[in-house]
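What follows is a short report on a single structure.
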Amino acid sequence: MVRENEIRASELAVEMPATTDAGLVFIGRIRTPWQSRLVCPRQGRADGPICRIELFEPWVRALDGITAYERLEVLYWLHLSRRDLVRQSPANDGNARGTFSLRTPVRPNPIGTSIATLVAQEGATLLVRGLDCLDDTPLLDIKPDRTLFTPIAPPQPGDFEVGDS
Ligand code: SAM
């Protein structure tokens with residue numbers, strides 16, 4: 001069930017800390033067909049509509065080489081989300097679960113991620129499919145899809161033990 005900013009039965013909000021630690025930079029904005037959460041898809045689809053990722057200066061040169069990749073991991077700031085719920089009821093049926101067991105946009109740091117298919121680059125703009133955010137959502141980062149990379153060497157037994165620093 002789509003949420004605007006209400007708190008539902010069985011949900012739990014906490015007081016947000018006053019200070020922030022990360023100085024995020026919005027590097028662009030995402031243009032999509034969706035003006036309201038009522039119509040925005042819950043997850044992007046590879047056959048979804050073409051959306052535009054518009055990079056701001058001085059970050060445009062950071063797109064060099066990007067057309068080598070068919071799939072991109074796009075990170076964005078779900079800027080209209082409330083951030084203070086630790087238990088949520090996605091179906092609004094009185095049953096709540098912890099925020100970190102959900103892909104809800106309502107989270108302490110409302111970062112959304114999608115794997116998008118790159119359709120074309122037009123200068124400072126990427127045309128992609130596979131997004132699920134509102135029009136004008138701030139862009140945080142773009143990376144080639146991690147599944148396109150293979151580890152340099154397979155891990156060996158004992159390489160990464162819990163407790164290693
Ligand atoms: N694919 C991302 C993920 O899994 O991290 C986001 C998934 S989240 C369930 C997608 C929903 O977030 C949309 O259906 C819409 O209701 C909401 N949403 C999209 N853009 C938003 C924005 N800029 N601010 C707040 N909520 C947004």
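Order of appearance sets the numbers: ligands from 1, and atoms from 1 within every ligand. Numbering starts at 1 and runs along the sequence shown.
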What is the nearest protein non-hydrogen atom to [atom], stated with its residue, atom name and distance?
atom                    : answer
atom 6 (C) of ligand 1  : Asp132 OD2, 3.5 Å
atom 17 (C) of ligand 1 : Pro105 CG, 3.8 Å
atom 2 (C) of ligand 1  : Thr113 O, 3.1 Å
atom 16 (O) of ligand 1 : Arg37 CG, 3.6 Å
atom 21 (C) of ligand 1 : Leu78 CD2, 3.4 Å

With a 6.0 Å cut-off (strictly less than), is the heavy-atom count around CZ of Phe149, excluding the residue itself, greater than 12?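 Result for CZ/Phe149: enclosed.
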CD of Glu70: more than 12 outside heavy atoms within 6.0 angstrom?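 Open.
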When you check the gap from the basic side-chain N to the acidic O, do Lys143 and Glu73 get nearer than 4.0 Å?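 So Lys143 does not pair with Glu73 through a salt bridge.
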Whether the [X] and [Y] side chains hold a donor-acceptor pair (N or O, under 3.5 Å, no angle test) is what I'd like checked.
X      : Y      : answer
Arg103 : Thr113 : yes
Gln88  : Thr104 : yes
Arg31  : Thr125 : no

With respect to [X], determine whether any N or O atom, backbone or side chain, lies less than 3.5 Å from an N or O atom of ligand 1.
X      : result
Gln43  : yes
Leu134 : yes
Leu80  : yes
Pro41  : yes

Has [X] got any heavy atom lying under 4.0 angstrom from an atom of ligand 1?
X     : answer
Gly44 : no
Val2  : no
Tyr76 : yes

Of all the atoms in ligand 1, which lie at a distance below 4.0 Å from a heavy atom belonging to Ser114?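 Numbered from 1, ligand 1 contributes 1 (N).
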Quick one: which ligand 1 atoms are inside 4.0 Å of a heavy atom on His79?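 Matching atoms, with element in brackets: 22 (C), 23 (N), 24 (N).
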Please compare Arg42, Arg82, Arg103 and report which has the shortest non-hydrogen distance to atom 4 (O) of ligand 1.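 Result: the heavy atom closest to atom 4 (O) of ligand 1 is in Arg103.
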Under a 3.5 Å distance rule, please check whether [X] uses its side chain to pair with a backbone N or O of [Y] as donor and acceptor.
X      : Y      : result
Glu11  : Ser89  : yes
Arg129 : Ala46  : no
Thr32  : Cys133 : yes

How many angstroms lie between atom CG of Leu118 and atom CD1 of Ile142, to the nearest 0.5 angstrom?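 Going from the CG atom of Leu118 to the CD1 atom of Ile142 covers 9.0 Å.
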Check each heavy atom of Ser81 against ligand 1 and say whether those closer than 4.0 Å belong to the side chain, the backbone, both or neither.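 Within the 4.0 Å criterion, Ser81 contacts ligand 1 through backbone and side-chain atoms alike.
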